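Everything numeric here is computed off the predicted structure, so don't read it as measured data.
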Amino acid sequence: LILRRNSYLFGKRAVDIFAAIAGLTLSIPVLALLLPVYRFYKTKPFEKRTALGKNNKIIKLILLNELPNSKSRAASMASIARILPLFLSVFSGDMSLVGTRLRSGNLSLEDKPEYMDERWHMPPGLTGWCQLNMDSETSESELNGYDFLYIASSSLILDAKILLETCLLLLSCTHSRVLILPVSHL
């Protein structure tokens with residue numbers, strides 16, 4: 001069991017590093033296209049936030065700011081591109097490609113419920129089982145249930161399934177709840 005878990009974690013980290021390099025490489029031309037738009041709107045392109053990562057470590061996140069004109073094509077592109085800088089956190093190991101939800105860095109560790117302890121042992125992900133299954137009506141206990149289900153069932157096959165479903169959602173233009181929503185709640 002320990003050997004299987006270590007093999008999973010090694011494989012997961014290898015996929016994370018490969019995906020982060022690919023994501024950062026792809027983000028360069030996208031950011032090059034978007035930066036003049038931010039300059040046009042006189043808006044700072046990046047914002048910094050904090051979140052709680054693996055083992056309660058506070059991690060610093062860099063995100064693209066939202067553009068003021070939310071109806072424009074550039075704003076739509078920016079909403080998807082918003083997570084591209086997070087590939088830096090995936091590369092550094094603070095986050096994973098697939099994992100639990102991001103948790104706000106403002107959460108006091110004294111205030112966190114004991115049942116959340118298990119969640120702190122896994123790095124948060126750009127996407128995950130919770131992000132795929134949640135909507136605006138999902139309660140906090142249901143969200144925690146999705147995270148715990150992912151932790152209990154975690155495998156490279158499940159991660160591949162989550163990544164495939166995430167890509168299909170992004171391509172179908174219903175991306176608002178995948179990747180973007182968990183970040184906006186920080």
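With hydrogens and angles disregarded, a donor-acceptor distance shorter than 3.5 Å links the side chain of Glu142 to the backbone of Ser139. A distance-only check finds a donor-acceptor pair linking the side chain of Lys12 to the backbone of Val98 [under 3.5 Å].
Leu64 pairs with exactly one of Ile83, Leu34, Leu86, Leu84 by the side-chain contact (heavy atoms from CB on, under 4.5 Å) rule, that one being Leu34.
Of the inter-residue distances, the one linking Lys161 atom NZ with Ser155 atom OG reads 10.0 Å to the nearest 0.5 angstrom. With rounding to the nearest 0.5 Å, the separation of NZ in Lys57 from CG in Asp94 is 4.0 Å. In this structure, OH on Tyr146 lies 8.0 Å from CG on Leu143, to the nearest 0.5 angstrom. The distance from the CG atom of Leu9 to the OG atom of Ser154 is 7.5 Å, given to the nearest 0.5 Å. Between the CG atom of Leu126 and the CG atom of Asp16 there is a distance of 8.5 Å, given to the nearest 0.5 Å. Considering CD1 of Ile151 and CG of Asn144, their distance stands at 9.5 Å, rounded to 0.5 Å.
Put simply, Leu88 and Leu26 are part of two different groups of oily side chains (I, L, V, M, F, W, Y) that touch within less than 4.5 Å, one to the next. Tracing side-chain contacts under 4.5 Å through hydrophobic residues (I, L, V, M, F, W, Y), one reaches Met122 starting from Leu156; they form part of the same cluster. Leu24 and Ile62 fall within a single hydrophobic cluster, where Ile, Leu, Val, Met, Phe, Trp and Tyr are joined by side-chain heavy atoms under 4.5 Å apart, directly or via other members. In the hydrophobic clustering of ILVMFWY residues, with side-chain heavy atoms under 4.5 Å counting as a link, Val30 and Phe40 come out together.
For Leu164, the CG atom counts as densely surrounded, since its 6.0 Å shell holds more than 12 non-hydrogen atoms of other residues, nucleotides or ligands. By the neighbour-count criterion of 12 heavy atoms within 6.0 Å, atom CZ of Phe46 is densely surrounded, having more than that number from other residues, nucleotides or ligands. Around CZ of Arg39, the count of heavy atoms belonging to other residues, nucleotides or ligands within 6.0 Å does not exceed 12. In Phe91, the CZ atom is not crowded: 12 or fewer heavy atoms of neighbouring residues, nucleotides or ligands sit closer than 6.0 Å.
When only modelled atom types and interatomic distance are considered, Asp159 and Tyr150 share a side-chain donor-acceptor pair under 3.5 Å. For the residue pair Asp135 / Thr138, a side-chain donor-acceptor distance below 3.5 Å is found, with atom types taken as modelled. Side chains of Asn65 and Thr43: a donor-acceptor N/O pair is absent below 3.5 angstrom, by distance only.
The minimum heavy-atom distance between Pro124 and Gly53, with the atom names listed, is CD-CA, 3.8 Å. Nearest heavy-atom pair across Leu33 and Val37 is O-CG2, 3.9 Å. Residues Cys130 and Asp147 share a closest heavy-atom pair of CB-OD1, 3.5 Å. The heavy-atom pair separating Ser89 from Lys60 by the smallest distance is OG-O, 3.8 Å.
With contacts defined as side-chain heavy-atom distances shorter than 4.5 Å, the pair Arg101/Gln131 qualifies. Within the 4.5 Å cutoff, no side-chain heavy atoms of Thr50 are placed close to those of Leu61. Phe87 is listed as a side-chain neighbour of Leu97, based on a closest heavy-atom distance under 4.5 Å.
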